[in-house]
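Remarks on the structure that follows.
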Amino acid sequence: MKSIFGILAFLAVIAVTAQNNTLPTVDLKKPDGTIVSTDSILNAGKPIIISFWATWCKPCVKELTTFAEVYEEWQEETGVKLYAISIDDARTFPNVASFVNGRDWPFDVFCDPNADFKRAMNVNLVPHTFIIDKDRNIVWQHTSFTEGGELELIELIRRLNNGENISE
Amino acid sequence: MTRHMKKFFAAAFILSTVVGAAQNVLQNAQIHGDFQTDFQYYLPDSNIGADTVAEKLRCNGYLNLLFTSGNFSAGVRYENYNNVMLGFDERYKGSGIPYRFASYSHKDLDITIGNYYEQFGSGLLLRIYEERSLGIDNSLDGIRLRYKPYRGIYLKGLIGQQRLYFDKGEGIVRGLDGEINLNEFNTKWASSKLKATFGGSFVSKYQDDLDPFLKLPKNVGGWAARTTLNYGNWMLNSEYAYKVNDPSTVNYFIYKPGEALFTTMSYSKKGFGITLSAKRIDNMNFRSDRTATVNDLTINYLPALTKPHSYTLLAFYPYASQPNGEMAVQGQINYKIKKDTKLGGHYGTDIAINYSRANAIAKDSINDSTGFTQSGTLGYTSDFFAIGDELYFEDFNIEISHKFSKKVKGVFTWAYLTYNSDVIEGHTDGTFYSHIGIADITYKLTPTKSLRMEVQHLMTKQDEKNWANAMIEFTIAPKWFFMAGDSYNYGNPDGDKKLHYFIAGFGYTKNSSRIAVTYGKQREGIVCVGGVCRQVPALYGLLVSITSNF
């Protein structure tokens, strides 16, 4: 028990002095099996949306299908870029490429079969969506998707582009 | 100076050095974590077989904390089970810190000490992972190195012991893995249309032999080779794994070597994708303790070649891989009918067709004098390409997603399932054949308010006969959801067992914190409500789930 409190106290001290959380560096895979680092999640000074999903997760697919419908408009208006991170494991990972192409999604999809990125981002449940600002800070996140949730997301991106602080 | 004084000064000295160094470290330090707790209040119900739970309330809790600063990171996970919820292993008892690690990366070298998760290739030989909803955590506690000596070359080495609830398994796991990506390795091939990756791994476990009758191998080694090839729209993914003799409780202590092959081929282009997979498993149960069973101390992962379903009635009969032997195939087609066509309508239509089948492998006795799978012998012989007669599982399903208008969209599913309960569950109820039809309609009331309705029907002449299910969900984006549903076993020939499984609940999400409350009765399976999916055990009572991320 003592050791637990010791660790918690130590972490509390760090928490006070710590800064904003930035995007961690972790190796991912492209659906074609090539290894790619999260350092290549880039958008030239514009905001980034990162969305964790899986082929077997109905709300995730609904969320990304909705994003796909409005993505072109979003990009034109705000310059935002979306990266969909599949947490499909060895069972469904080989299906990701054909699943994504079959649905004709217009954004980049990376895979995290060993859940390294998921753990580093403290994701419990999917879908889980993050907004990353131009300095790679994680400024906002949200679990779950409900119909119409995309409206809040794009509004936040607009506010971020206007220089507002959207962290809560 | 007394001994205590000395200790004190030594500690103070170390602390001051640490603090000095820490000031540097802390300048770009980050701390983040996540929290999850599920607690359930249990009510007895003799009709559905829910027993009285002595504690009335049971709870699982998890807190992850991660600290990162530059190239250094460390983390801990506190877990609490007072007492563990029904459906999880009772050996999750009390509380503790079963997961803690520190890691450092310097240029192309990455070192982790403590607990870690890892996967080699597709995991046929090694996959160390956590799946909390299933109560699986086989993390290794030891040392892991990852090194990139050259462009396109990735090496991993590891050693450690596996987590067994709040204890560790006695076996030691050692592993090496290498992968080369030819297109990165040779810059001339960078823009080649052919993309090729090759990999290989070696894993061995050590466990002492104290068996009074059999002479068991203390060291059991296995190797695997894999490749991923891409050419234009084509992709081939293949891995083969072999393991030397490894007598264990699961394989009835036979001395036959094990092997597994997993191959996937796919073709995809804009709006069309097809995937074909095949798998053969023969005696490939691999654990760091030869007496371990269920989900304990597994080193490798044998994926089920079936589509994971999330609708309640479709998830009634899920398949699990049979490590002692199976041959399986799966095919999946994804097709998008274009917008503004006769079939596609104004918004286009997505069609997914999936077929999977798993059979036994053909097994023959070694000779007339040796019993079939008799312990202490090679057990049986098996022709690599021969398919066994016994059918384990078959699933044919079609899913059509169509948006009718700006306000209305629907997903329609039909499936035909064959489920061999004798093999999959170890029961003697035979094989179940079922037709399942599902309509899932979403109606958008306003841009942020919508109503979703699911109607499901399962038809079978076996097991508990026919089931019907209806569910209605109301959501206010992005924060609220409310739902109510009922599964009704109306086809049960026993009048007392024509039971309703009623469920109602709501959820509230604020950014990354979420609370969900459900009351009612539930059968085991994956449940997706209010935009989130997770696996839940059978239950009756009140369930509260809280998750948060910071």
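Worth knowing before you read on, the calculation uses all heavy atoms, side chains too, and leaves out hydrogens, waters and symmetry mates. Computed from a predicted model, the values in this text were never measured in an experiment. Naming: A, B, ... by sequence-line order, numbering from 1 per chain.
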Go through [options] and name the one with the most non-hydrogen pairs under 4.5 angstrom from chain B.
| options | value |
| --- | --- |
| A/Thr65, A/Thr129, A/Asp32 | A/Asp32 |
| A/Gly148, A/Ala97, A/Ala90, A/Ser98 | A/Ser98 |
| A/Ala120, A/Ala115, A/Gly149, A/Gly33 | A/Ala120 |
| A/Leu151, A/Val123, A/Thr92, A/Ile35 | A/Ile35 |

Side chain, backbone, both or neither: which part of [X] has a non-hydrogen atom closer than 4.5 Å to chain B?
| X | answer |
| --- | --- |
| A/Asn124 | side chain |
| A/Thr55 | neither |
| A/Thr22 | both |
| A/Glu63 | neither |

Which of [options] touches chain A most, by non-hydrogen pairs under 4.5 Å:
| options | result |
| --- | --- |
| B/Ser266, B/Ala304, B/Ser122 | B/Ala304 |
| B/Gly75, B/Ser548, B/Pro478, B/Pro303 | B/Pro478 |
| B/Leu229, B/Ile351, B/Thr306 | B/Thr306 |
| B/Lys449, B/Lys444, B/Gln332 | B/Lys444 |
| B/Lys195, B/Lys270, B/Arg132, B/Met265 | B/Lys270 |
| B/Phe35, B/Tyr117, B/Tyr62, B/Tyr347 | B/Tyr117 |

Is there a donor-acceptor contact under 3.5 Å from the side chain of [X] to the main chain of [Y]?
| X | Y | answer |
| --- | --- | --- |
| A/Thr38 | A/Pro24 | yes |
| A/Asn165 | A/Ser167 | yes |
| A/Tyr71 | A/Leu82 | yes |

Measuring heavy-atom distances to chain A, does [X] have an atom under 4.5 Å in its side chain, in its backbone, in both, or in neither?
| X | answer |
| --- | --- |
| B/Tyr301 | side chain |
| B/Glu131 | neither |
| B/Thr442 | side chain |
| B/Glu130 | neither |
| B/Arg100 | neither |
| B/Tyr154 | side chain |
| B/Lys148 | side chain |
| B/Lys269 | backbone |
| B/Ser268 | both |
| B/Thr448 | both |
| B/Ile128 | backbone |
| B/Glu118 | both |
| B/Phe262 | side chain |

Query raised in the report: Does the ring centre of A/Phe117 sit less than 6.0 Å away from the ring centre of A/Phe110?
Result: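 Ring centroids of A/Phe110 and A/Phe117 are no less than 6.0 Å from each other.
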Query raised in the report: Taking the six-membered ring for Trp, are A/Phe67 and A/Trp105 ring centroids under 6.0 Å apart?
Result: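 No, they do not, as the ring centres are separated by 6.0 Å or more.
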Requested in this report: For A/Asn114 and A/Asp116, run side chain to side chain donor-acceptor pair (under 3.5 Å): C-alpha distance rounded to whole Å, both residues' side-chain angles, the deciding distance at 0.1 Å, then the answer.
Outcome: CA-CA 6 Å; A/Asn114 192 36; A/Asp116 289 328; 3.1 Å; yes
Basic-acidic side-chain contact under 4.0 Å: [X], [Y]:
| X | Y | answer |
| --- | --- | --- |
| B/Lys403 | A/Glu69 | yes |
| A/Asp104 | B/Lys336 | no |
| B/Glu179 | B/Arg226 | yes |

**Report entry** Heavy-atom check, side chain of A/Ser51 versus side chain of A/Leu64, under 4.5 Å
**Finding:**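 Sidechains of A/Leu64 and A/Ser51: in contact.
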Query raised in the report: Given side chains that start at C-beta, do those of B/Tyr311 and B/Glu454 come closer than 4.5 Å, heavy atoms only?
Result: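 Result yes, sub-4.5 Å side-chain heavy-atom pair found.
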Query raised in the report: Relative to each other, are the rings of B/Tyr267 and B/Trp234 parallel, tilted or perpendicular (30° and 60° limits)?
Result: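 If you compare the ring of B/Tyr267 with that of B/Trp234, the planes turn out tilted.
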Report task. May I ask you to decide if the ring planes of B/Phe272 and B/Tyr335 are parallel, tilted or perpendicular, using 30° and 60° as cut-offs? Result ->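 The arrangement is perpendicular - the two ring planes meet at more than 60°.
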Requested in this report: Can you sort out the partners of B/Trp480 under ring pair (Phe, Tyr, Trp, His ring centres under 6.0 Å), two or more places apart, ordered by chain and number?
Outcome: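 Ring pair (Phe, Tyr, Trp, His ring centres under 6.0 Å) list for B/Trp480, sorted by chain: B/Phe482, B/Tyr508.
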Query raised in the report: To the nearest 0.5 Å, how far apart are CG in B/Asn71 and CG in B/Asp110?
Result: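 It is 9.5 Å, given to the nearest 0.5 Å.
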Query raised in the report: Taking B/Asn354 as the fixed residue, which of B/His309, B/Lys307, B/Gln330 is the one that meets the side chain to side chain donor-acceptor pair (under 3.5 Å) rule?
Result: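 Checked B/His309, B/Lys307, B/Gln330 against B/Asn354; only one passes side chain to side chain donor-acceptor pair (under 3.5 Å): B/Gln330.
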